[in-house]
Amino acid sequence: MQALVKFGLSKGLRMLPEGIFNIDIAQFQGNRIDLSDFKSLITLPMSIGGLTNLTSLDLTRCFNLEYLPDTISHCYRLADLKLESCCNL
């Protein structure tokens with residue numbers, strides 16, 4: 001079973017802290033990140049690109065999400081990107 005990373009952050013955040021994904025990749029056990037229902041989120045930090053083993057990213061119901069950073073293309077294993085109800089993309 002794949003590990004899921006959930007963040008204990010306020011879902012009212014407009015932006016995630018830039019360094020939130022600057023973690024030791026060798027210790028990153030999760031390959032799925034759930035940011036669903038972060039309704040005020042506008043974008044993801046550039047550091048998301050460092051998560052090269054990320055396979056699933058759930059951004060469902062991030063209604064205010066306007067764009068994804070170019071660095072997301074560095075997430076080579078990303079196969080499941082959920083963008084349901086992200087109407088501002």
> Does Y67 offer a backbone N or O that forms a donor-acceptor pair with the side chain of T43 under 3.5 Å?
Replying inline: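 Indeed, once roles are kept as given, a pair shorter than 3.5 Å links the two residues.
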>> Whether the side chain of N64 engages the backbone of K39 through a donor-acceptor N/O pair (distance < 3.5 Å, no angle test) should be reported.
In response: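 It does hold such a pair.
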> Any link between L89 and L41 through a network of hydrophobic side chains (Ile, Leu, Val, Met, Phe, Trp, Tyr) touching at under 4.5 Å?
Replying inline: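 L89 clusters together with L41.
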> Given the rule that I, L, V, M, F, W and Y join up when any side-chain heavy atoms are under 4.5 Å apart, are L81 and L35 in one cluster?
Replying inline: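 Hydrophobic grouping puts L81 with L35.
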Can you list every pair that meets salt bridge (charged side-chain N to carboxylate O under 4.0 Å, His left out) and has a residue in [range], with sequence neighbours left out?
range          : value
residues 67-79 : none
residues 44-54 : none
residues 50-61 : D37-R61

To the nearest 0.5 angstrom, please state how far the [atom1] atom of [X] sits from the [atom2] atom of [Y].
X   : Y   : atom1 : atom2 : value
N53 : L78 : CG    : CG    : 11.5 Å
C75 : I33 : SG    : CD1   : 8.0 Å
I72 : L54 : CD1   : CG    : 7.5 Å
L57 : L51 : CG    : CG    : 9.0 Å

> Can you find a heavy atom in the side chain of L59 that is under 4.5 Å from one in the side chain of L68?
Replying inline: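 Result yes, sub-4.5 Å side-chain heavy-atom pair found.
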> Restricting to pairs with a member in residues 80-89, which pass side chain to side chain donor-acceptor pair (under 3.5 Å), not counting sequence neighbours?
Replying inline: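 For residues 80-89: S56-D80.
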> Looking at T55 and R32, what are the two nearest heavy atoms and their distance?
Replying inline: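 Answer, listing the atom of T55 first, then R32: OG1-CG, 4.0 Å.
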> Where is the tightest heavy-atom contact between P69 and I48, given as atom of each residue plus distance?
Replying inline: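 P69 and I48 have their closest heavy atoms at CG-CG2, 3.9 Å.
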